[in-house]
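Just the heavy atoms: all of them, side chains too, but no hydrogens, waters or symmetry mates, feed the values below.
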Amino acid sequence: MTFNTHPMFRLFQYIHSYRKRFGWTSCASILNKILDLMPPILVGWVIDSVRREPPAWIEALIGTSNPWHMAIFLACLGVVIFGLESLFQWMYQYGFMTLAQSIQHQLRMDAYNHIQDREIEFFENHRMGETMAMLNDDVNQLERFLNTGFNEILQLGVLFVFAGTVMWTTSWQLALVGILPIPVVLWGSLFYQSRISKHYRRIREAVGALSSRLENNIAGILVIKSFTAEKFESKRVDDASSEYQQANFHAIRLSALYVPLIRMAIAIGFGGVLLIGSYWVLEDAGILTVGELVLFSMMIQRMLWPLTRLGITLDEFERARASAKRTFGLLDTPNKIQSPLNPILLPLVKGNIVFEQVGFRYRQGNAVLREMTFSVKPGETIGIAGATGAGKSTLIKLLLRLYDPTEGSIKIDGISLKDLTLRDLRKAVALVSQDVYLFHGSIADNIAYGSEIVDRQQMTNASAMAQLHEFVETLPDGYDTIVGERGIKLSGGQRQRLSIARAILKNAPIMVFDEATSSVDTETEREIQKKLMQFTAGKTALVIAHRLSTIRHADRILVLSEGRIVEEGHHDELVTANQVYADLWHIQSGDLEDHYSD
């Protein structure tokens with residue numbers, strides 16, 4: 001891993017946009033730490049001054065050697081030092097907190113926008129909990145590091161430089177004794193970091209698995225209750241939570257051992273300074289004054305004891321590093337489906353669709369579509385039928401360019417989908433999926449979803465065409481009724497009709513219905529069929545239907561089997577042909593026995 005690709009270096013690249021704020025905040029932190037280290041020096045000056053051995057600069061500054069005057073001066077100086085220290089503390093705390101929040105927001109939005117632009121394969125192959133852990137836990141961990149961890153590292157560096165300089169200039173002999181434990185502390189800290197990092201990788205994996213388990217169980221609570229699987233799912237959550245717990249236990253054991261061992265090494269250096277310094281003062285060796293011994297003792301304590309927090313600081317660093325690696329690993333993964341660098345602008349869409357020798361297979365598995373060739377004229381309604389697994393829904397995913405075909409090409413109005421921007425392509429297509437997703441909000445919000453400006457009357461007309469308006473009128477709040485998370489307050493049929501209304505309001509030149517009436521009752525389906533010709537008039541429509549009655553009046557019907565078009569024609573022609581479509585039709589119409597007896 002090079003310096004430029006190190007995950008923590010990548011994190012600090014985000015600071016570039018806030019470099020002025022980062023600069024003055026860091027300066028405030030440095031000054032705060034220097035002032036925080038002044039009391040030992042101040043106490044040393046006071047002791048030497050009252051013993052009539054003051055530093056020469058104090059006597060020269062105030063113009064007298066009177067101990068009381070010197071004491072007054074140093075007392076005032078102490079108040080000033082503490083006042084400035086408090087001011088700089090407020091400045092750096094405010095600065096780092098706001099900086100961390102700004103970078104957290106920018107990083108979360110970059111991560112979300114990248115995930116939102118990812119190809120559909122990403123979402124089909126990744127657990128929701130893992131993705132949510134990246135957007136929440138990992139980004140929050142980076143915010144906590146920028147808020148506190150970085151400042152601790154910065155002040156630790158200032159501590160070493162400033163305290164080391166003061167002690168070395170006071171007595172380099174005693175300084176050597178005091179810093180003897182530091183190599184041991186640094187070696188122990190680096191060893192601790194190397195050992196703890198693998199535990200934090202396991203923690204990040206465990207929290208992602210736990211989040212996925214909780215997400216799936218809460219979303220599937222109806223299935224859990226209906227199958228009385230509460231104990232089974234509780235056991236699975238317990239297993240995931242226990243794995244997370246054990247991963248943390250391993251890290252805790254190591255981090256809890258670190259501080260006591262480091263403290264013992266520091267205590268040896270601190271004791272050595274007290275012993276040797278006291279001996280020099282008692283022997284009147286001329287190496288130290290009493291004030292300098294007090295200064296040195298306090299300063300070495302100020303420098304060595306914070307090293308016990310080095311483990312905590314490294315702990316925060318490793319947590320942030322693990323989160324940064326996951327977050328930037330996500331951001332650095334290119335999208336498989338992207339708009340071209342030099343797209344062709346899509347003019348007024350007529351709706352001519354051409355599939356030319358299209359073949360497709362998912363990443364693992366057999367071919368789903370084979371040599372798929374057909375065309376749809378502008379304004380034509382095409383029904384698509386076939387048994388489960390024939391490739392009907394995959395065909396729609398390719399049309400929306402959620403996937404790219406592995407063979408052949410797809411064109412709209414003579415332009416390859418790969419030459420269009422994803423935005424232009426998908427704005428031209430209105431989809432009604434069999435898996436209807438509604439967002440938490442009102443019925444009006446969901447019908448008008450994705451539309452920038454919506455007239456209320458247009459929305460009402462779309463709702464009426466989808467056979468939803470009469471139901472909405474019975475609700476106390478009408479179109480302002482909240483549908484709940486995922487539309488839980490509506491039945492399956494109501495959600496599907498709302499989805500149809502949403503597609504009608506989009507008013508795209510190409511309309512796609514993927515099992516759009518699978519959840520509605522027979523009467524509602526009949527009413528929607530009557531309106532189908534009305535709201536697809538002048539538009540190209542692809543209608544995938546398990547219920548063949550939905551597509552019996554289509555201009556043409558394509559019958560798929562094992563990824564190929566095996567039949568094509570009008571309903572009556574296909575029934576007369578007495579092949580795959582006829583078998584499906586007779587099964588659904590209930591005259592299977594008569595069909596085979598013929």
Side-chain angles (χ1 to χ4, degrees), residues 1 6-8 11 104 107-108 111 115 122-123 125-149 152-153 185 187-221 223-224 227-264 307-330 333:
M1 180 181 294
H6 192 284
M8 296 306 290
L11 173 63
Q104 177 196 42
L107 187 57
R108 178 176 284 116
I115 289 175
F122 172 85
F123 300 96
N125 294 327
H126 284 75
R127 293 180 295 182
M128 184 61 67
E130 290 183 347
T131 305
M132 293 302 297
M134 291 182 195
L135 292 175
N136 286 324
D137 296 343
D138 287 332
V139 174
N140 290 343
Q141 184 64 51
L142 295 177
E143 181 268 335
R144 285 191 290 271
F145 173 75
L146 290 171
N147 191 11
T148 58
E152 290 182 355
I153 294 174
V185 172
W187 176 84
S189 299
L190 294 174
F191 178 75
Y192 167 79
Q193 182 185 12
S194 66
R195 295 295 299 273
I196 199 70
S197 60
K198 63 180 181 181
H199 294 297
Y200 284 126
R201 284 196 298 270
R202 182 183 170 191
I203 288 172
R204 299 314 307 157
E205 294 170 358
V207 74
L210 177 59
S211 298
S212 292
R213 175 55 54 203
L214 293 172
E215 167 82 19
N216 289 336
N217 285 16
I218 292 172
I221 191 66
V223 177
I224 292 173
F227 282 86
T228 61
E230 288 89 347
K231 288 185 178 180
F232 173 73
E233 291 299 341
S234 179
K235 178 64 169 57
R236 294 215 290 183
V237 171
D238 182 79
D239 290 343
S241 183
S242 294
E243 173 62 23
Y244 178 54
Q245 180 189 50
Q246 290 301 317
N248 275 288
F249 277 168
H250 284 92
I252 290 169
R253 291 190 192 103
L254 192 58
S255 61
L257 184 63
Y258 169 82
V259 172
L261 292 178
I262 295 300
R263 188 182 291 270
M264 290 305 300
L307 290 177
T308 60
R309 281 194 53 81
L310 187 59
I312 298 174
T313 303
L314 290 176
D315 184 89
E316 293 175 351
F317 178 84
E318 277 304 323
R319 287 178 181 268
R321 184 174 179 272
S323 294
K325 188 174 182 180
R326 281 163 54 93
T327 302
F328 291 112
L330 169 70
T333 304

TODO: I would like to know whether Asp138 and Phe328 meet side chain to side chain contact (heavy atoms under 4.5 Å, CB included); could you show each step before the answer?
DONE: CA-CA 10 Å; Asp138 287 332; Phe328 291 112; over 6 Å; no
Once rounded to the nearest 0.5 Å, what's the spacing between atom [atom1] of [X] and atom [atom2] of [Y]?
| X | Y | atom1 | atom2 | answer |
| --- | --- | --- | --- | --- |
| Phe317 | Arg321 | CZ | CZ | 6.5 Å |
| Asn147 | Glu152 | CG | CD | 10.0 Å |
| His250 | Arg202 | NE2 | CZ | 5.5 Å |
| Arg326 | Leu142 | CZ | CG | 11.0 Å |

Open item on the list: Test your reading of the model: is there a side-chain donor-acceptor pair from Ser242 to the backbone of Asp238, 3.5 Å cut-off?
Closed with: yes
- [ ] Ignoring hydrogens and angles, tell me if any N or O in the side chain of Thr327 forms a donor-acceptor pair with the backbone of Ser323 under 3.5 Å.
- [x] yes
Task: All salt bridge (charged side-chain N to carboxylate O under 4.0 Å, His left out) counterparts of Arg108, not counting sequence neighbours - done: none
- [ ] Please identify each residue that fulfils salt bridge (charged side-chain N to carboxylate O under 4.0 Å, His left out) with Arg144, with sequence neighbours left out.
- [x] none
- [ ] Would you name the heavy atoms of Val237 and Asn217 that are closest together and state the gap between them?
- [x] CG2-ND2, 3.4 Å
Task: Close side-chain approach of Gln104 to Asn140, heavy-atom, < 4.5 Å - done: yes
Open item on the list: Does any part of the side chain of Leu210, heavy atoms only, come nearer than 4.5 Å to the side chain of Glu243, both counted from C-beta?
Closed with: no
